[in-house]
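See below for the structure under consideration.
We number each residue from 1, following the sequence as shown. Start at 1 and go down the list; that is how both ligands and their atoms are numbered. Predicted, not measured: the structure shown is a model, and the values here were computed from it.
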Amino acid sequence: MTQNPKRYTITAALPYTNGPIHIGHLAGVYVPADIYSRYLRLQGKDVAFICGSDEHGVAISMKAKKEGVTPQEVIDKYDGIIRKSFADFGISFNNYSRTSAKIHHDTASEFFRTLYDKGDFIEEVTEQLYDAKANQFLADRFVVGTCPKCDNPEAYGDQCEKCGSTLNATDLINPKSTITGETPILKETKHWFLPLDRYSDFLTKWILEGHKNDWKPNVYGQVKSWIDGGLEPRAVTRDLDWGIDVPVEGAEGKKLYVWFDAPIGYISSTKEWAAREGKDWEPYWKDEETKLVHFIGKDNIVFHCIIFPAMLKAEGSYILPDNVPANEFLNLEGNKLSTSKNWAVWLHEYLEEFPDKQDVLRYALTSNAPETKDNDFTWKDFQARNNNELVAIFGNFVNRVVVLTNKYYDGVIPTPNEFTEIDEQTLAELKAYPAVISSSVERYRFREALGELMNVARLGNKYLADEEPWKVMKDNPERVKTQMYVALQIAAALSVLAEPFLPFTAAKLSKILNLGDLKEHFEGFSKFLKERHQDANDIIIDKTLGWNDISENSDLIPAGHKIGEAELLFAKIEDEEIQKQIDKLEATKTANIAENQKAEPQKDLIQFEDFAKMDIRIGTILEAEKMPKANKLLVLKVDTGIDVRTIVSGIAESFSPEEIIGKRVSVLANLAPRALRGVESQGMILMTTNAEGKLVFVNPDADAPNGATVN
Ligand SMILES: Nc1ncnc2c1ncn2[C@@H]1O[C@H](COP(=O)(O)OP(=O)(O)OP(=O)(O)O)[C@@H](O)[C@H]1O
Ligand SMILES: [Zn+2]
C-alpha cells in the first residue's frame, strides 16, 4: 500500500438480519467506521464506505422456524428496520446492500467457482453431525455443546463465543441439536474445505511480520494465537436449505457457509454502488493504491484476518486490508448486550424516544468506545456526557458567540483591529488542531480524537472567559470587535472539525453561521469541494469548508458576513428521561427472570427403590482451589462424614475458592467416580439456581452433622 492512497474502500461488518441494531453494534463498528469515512471525505479523499445486510446462515433459518414464518420474511423485516435506523442515525454508507440480492449471489458463486476451478478446495466426504429426528445435518448454530478449549457448555458448531475459538461441529463435547434437543448421530456427507494450513506462511509474513506495529494489539494477538495454534482446513459449504447454492456438480442441496459468502458481500455491495454511480468497481478492490480497511467487532477477527484474506489470496487478483481496527465489546449497565434477552438499547427505539439527539448518542458511544477493552454503557454516563460536556462546553461556547454577535452587531461579523499576543496565540493553536485530530483518527483512536475536538471548544470557552468581551464592551468596544472576530473563527472551525463525530450538530452550526452563503469567499479554499459534492451526492453533505482549510487559511469566516439567529445545539437531559430508560431495563430484567422461572416439566415417574439408590449426605467444604487451565472448575475437599474426599465442581464462575470454604453442602456420595481434567471426582455437590439465574448451594436450613443422610 502506498503512503498516499488514491482511494479508500471502507467496510463495516454486515449486520446479521436476526434482530435490529443496538448500541453495541454502533460503538463497536458503525460509529467509528462512519467517523473515519466522513473524516476522509472532508480531506477530499475518494471514499467507498460499504455495508449491507447479512441474510444467510443457520440463525435466520432457526428464527424463521421458531416464529413460523419464512426466512425471507425474517430478513425483509430486519433489513427494513436496520436500513432505516442507520439512515436516520446518519451513518453515511455510500452503499447499503443485502446478501439476498442477485448481484451478491452471482458474485459469491463466481468467487467460489474460481477457487474451485483453480483447485484451491479440498473435496472430502466426512462424517458430520446429523439430527435423525429432524432429518437434517447440524452445523453452526443448529448444534450446541461444550467447547473443547474452554469448557463453555454453550459453544456453537462453528465458534465458541466465550473463548473466541473457531470450531468444527464435530469438535463439540456432548453435542445437542438445537432443533430437537436430540443427541446427533454421525452421517457421511461431502463438503468443500478451504485448506487454511496452506496459508499459514503467507499470513505469518503478511500480519505477524508486516503489521506488528500498526495493527491493534488485540487484533494482532488473536491472529498470532490462531496461527501459532496451527490452522486447519475449514469447510466452506453446508447441508442447508437457506443460502447460496454451491455452484458445482454433485453439490445439489448444499449451500455456501455464511462466513464464506458474507465478506464477499463487501465486494458485491461495491459493485452495486459503482454501477449506480457509473464507476468502475475494480480499482476499489484490486488496485494496490487503494487502502482497504475493515471495521468489525472482536468476534469477527478470525473471519477478516484469516479466512477472508486466505480466500482473497487464493483468488489472486484482490488487495488485502491495510488494517482491521477491531473493537472490543460494549456492555450495557454491567451486563452483556443480548438480542435474545432483549438486553439492549435499540437504535430505532432510541431515535423515537430521543428525537434529534443522534449526536448525543454518537458522542456518548465514542467517548466511551471499547477500543482497547470491553466497556460499559450506562444511562447516567450518557446524561452526564450530554449535560456536562456537550451542553456545558460545546453548546455553551457556540451559543455565547452567536448571541453576542447578534446583540452587538446585528449578526454581522465585525472587522477586527490589531491582534494581541493572546489573539495570535489562540488562532495559531486553532490552526494546529486539524493535524492533532487527524493523527488520532488515522491511528483509529477515535476517543482521543473526540477529546481533541472538545479541546477546540474548550479553547473557545477559555478565550471568552479570559477576555470577557461583555465587560470590555463598556470601555473599549473597538477591542470587542477583534475578540468576537477571533471567537467566530473558532466557531467556524468547529463546524468542520465536528462533522465526522457530530454530523447533525456540524450541519446545524454551519447553517447558524450561514456558511452556505460564503461560496465565493471559499473559492480559493479547498479545491476539491466541487468534485466531492458530485461524488457523494447520495450522501447529505452541505459542507463548504474542508478539513485542511482550518490550518491553511486565516479568515475562515470574513468580516461583513451575516450570521443567523442563535439556536441551541444541545439541550439538557433531565433525570426523569434517564429514569424512564433505567425503568425500561429493569422491566426487561423482571421479564427475563419470570421467563427463566418457568419450571421445567416433571420427569418420568420413578419407584422408591430408584430414589433409595442415591446416597445423599450433608457435608462441609474444607478446601477449595481453582483447577488449572479451566474456567469453570473448582477442586474441593469435602468432609462427607464418611470420609474426606475430592470433588470437582463446575462452579468456579459463580464462586471464588475463598468464599466457599466452610460452606455446608449436600453431596451425592455414591455417584460413580469420574476423572475431570485428570482429577478424580468422587461425588457431586447439589446446586440450584436462584431467580437471577445465579448458582446457589442446596443445604439444610438448620444444623445437621456431616454424614447425615437426605431421605
Ligand atoms: N456488544 C458489542 N460491542 C461491540 N461490537 C459488537 C457488539 N455486538 C456486536 N458487535 C459487532 O457488530 C457487528 C455486527 O454484529 P452482528 O450483526 O454480526 O451481530 P452479533 O450481535 O455479533 O451477532 P449475534 O448476536 O447474532 O451473534 C459485528 O462486527 C460484531 O462484532
Ligand atoms: Zn471456548
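The angle Cys163:SG - the Zn ion (ligand 2) - Cys160:SG amounts to 110°, with values rounded to 10 degrees.
Tyr257 carries Arg238 over the face of its six-membered ring, with the cationic atom under 6.0 Å from the centre and within 45° of the normal. With Phe329 as the aromatic partner, Lys298 meets the cation-pi criteria of under 6.0 angstrom to the ring centre and within 45 degrees of the ring axis.
A donor-acceptor pair shorter than 3.5 Å cannot be found between the side chains of Thr237 and Lys255.
Outside the 6.0 Å centre-distance limit, the rings of His348 and His22 are not counted as a close aromatic pair.
For the atom pair CD1 of Ile578 and CG of Asp583, the computed distance is 11.0 Å after rounding to the nearest 0.5 Å.
When the ring-ring contact (aromatic ring centres under 6.0 Å, His included) test is applied to Phe303, the partners found at least two apart in sequence or on another chain are Trp259.
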Any protein N or O within less than 3.5 Å of an N or O in ligand 1? List each pair with its distance, or say none.
| unit_1 | atom_1 | unit_2 | atom_2 | d |
| --- | --- | --- | --- | --- |
| ligand 1 | 1 (N) | Leu330 | O | 3.0 |
| ligand 1 | 3 (N) | Gly24 | O | 3.4 |
| ligand 1 | 3 (N) | Leu330 | N | 2.9 |
| ligand 1 | 5 (N) | Gly24 | O | 3.3 |
| ligand 1 | 17 (O) | Tyr16 | N | 2.8 |
| ligand 1 | 21 (O) | His25 | NE2 | 3.2 |
| ligand 1 | 22 (O) | Asp299 | OD2 | 3.3 |
| ligand 1 | 27 (O) | Arg141 | NH2 | 3.1 |
| ligand 1 | 29 (O) | Gly297 | N | 3.0 |
| ligand 1 | 29 (O) | Asn300 | OD1 | 2.5 |
| ligand 1 | 31 (O) | Gly297 | N | 3.3 |
| ligand 1 | 31 (O) | Asp299 | OD1 | 2.4 |

